[in-house]
Amino acid sequence: MSSLEYLWAFILFLLIVTPGVDTADRPEPDIPTHVNFLRSALRGRERVLSCADDPNVCVDRERNPWGGSTCCFRKLCKDTSRDSNNCRACGRTCGYGFVCCDGNCVDIHNDPRHCGSCFQECPGQGRCSFAMCDYSG
């Protein structure tokens, strides 16, 4: 079996064991099972806090340990400084190809102050093209 076939088999496995489940209505257990472990690994370090019963939970520093600029959107607390679907305010979506950097929608493919990712500046007077500084394609 080639490495590409192994990759497709792994992707198929992940699709089978990680169905799209709305976790807003039920909390994840403290000790993850193997399926929950895979789901959390796929999500990375995403922080999920439900605000279905009380929208003020997002702004309460004692109940929302991550603090920052947050709002309650569709029963979940959203980080309005980094979430491209809730940039600066709940429901304010960045356009296609734009990313939310500190509450501002920026084009990381062409912005020399955010080249490739948020706050990745091109040195000197460098230009940003295709998310790379001083790219001369």
Side-chain angles (χ1 to χ4, degrees):
M1 209 179 213
S2 72
S3 61
L4 186 58
E5 290 171 330
Y6 280 115
L7 177 64
W8 282 113
F10 180 70
I11 291 171
L12 180 62
F13 169 77
L14 291 177
L15 291 173
I16 291 170
V17 298
T18 58
V21 176
D22 183 16
T23 58
D25 296 330
R26 63 183 168 89
E28 247 181 51
D30 291 335
I31 301 171
T33 63
H34 68 286
V35 172
N36 286 332
F37 175 78
L38 288 173
R39 285 184 188 146
S40 61
L42 287 174
R43 282 197 310 258
R45 302 184 89 195
E46 178 182 328
R47 299 173 181 147
V48 178
L49 183 62
S50 175
C51 57
D53 298 327
D54 182 10
N56 294 322
V57 72
C58 298
V59 294
D60 185 350
R61 293 293 177 142
E62 289 184 19
R63 293 190 285 174
N64 180 2
W66 306 294
S69 302
T70 57
C71 68
C72 184
F73 187 72
R74 294 187 179 158
K75 299 182 182 181
L76 295 173
C77 293
K78 301 294 182 172
D79 184 352
T80 57
S81 65
R82 293 183 291 176
D83 186 349
S84 292
N85 293 319
N86 299 284
C87 192
R88 187 176 285 166
C90 265
R92 182 176 177 253
T93 305
C94 293
Y96 178 77
F98 284 71
V99 174
C100 186
C101 297
D102 200 26
N104 296 307
C105 295
V106 297
D107 180 7
I108 61 169
H109 300 287
N110 298 305
D111 188 337
R113 292 175 295 147
H114 305 277
C115 192
S117 65
C118 291
F119 310 109
Q120 183 68 40
E121 290 192 45
C122 291
Q125 297 294 321
R127 291 186 38 185
C128 181
S129 299
F130 303 105
M132 294 180 277
C133 291
D134 294 324
Y135 176 77
S136 58

Determine the minimum heavy-atom distance between [X] and [Y], stating which atoms define it.
{"X": "Leu76", "Y": "Ser50", "result": "CD2-CA, 4.1 Å"}
{"X": "Val99", "Y": "Ile108", "result": "CG2-CD1, 3.8 Å"}
{"X": "Cys51", "Y": "Phe73", "result": "SG-N, 4.3 Å"}
{"X": "Asp107", "Y": "Gly97", "result": "OD1-O, 4.0 Å"}
{"X": "Phe119", "Y": "His114", "result": "N-ND1, 2.9 Å"}

Short side-chain to backbone donor-acceptor contact, Ser81 and Ser69, under 3.5 Å: no
Sidechain-backbone polar pair: Thr80 side chain, Asn86 backbone, donor-acceptor under 3.5 Å: no
Validation row: Cys77, Val57 side chains within 4.5 angstrom (heavy atoms): yes
Side chains of Cys71 and Cys58 in contact at under 4.5 Å (non-hydrogen atoms): no
Listed partners of Asp54 passing salt bridge (charged side-chain N to carboxylate O under 4.0 Å, His left out), at least two apart: Arg63
Listed partners of Arg113 passing salt bridge (charged side-chain N to carboxylate O under 4.0 Å, His left out), at least two apart: Asp111
CG on Asp83 to OG1 on Thr70, rounded to 0.5 Å: 11.5 Å
Separation between CD of Glu121 and SG of Cys128, rounded to the nearest 0.5 Å: 11.0 Å
Between [Y] and [X], is the SG-SG gap under 2.5 Å?
{"X": "Cys87", "Y": "Cys105", "value": "no"}
{"X": "Cys122", "Y": "Cys115", "value": "no"}
{"X": "Cys118", "Y": "Cys101", "value": "yes"}

Qualifying residues under ring-ring contact (aromatic ring centres under 6.0 Å, His included), relative to Tyr96, sequence neighbours excluded: none
Sub-6.0 Å ring centroid separation between Phe130 and His109: no
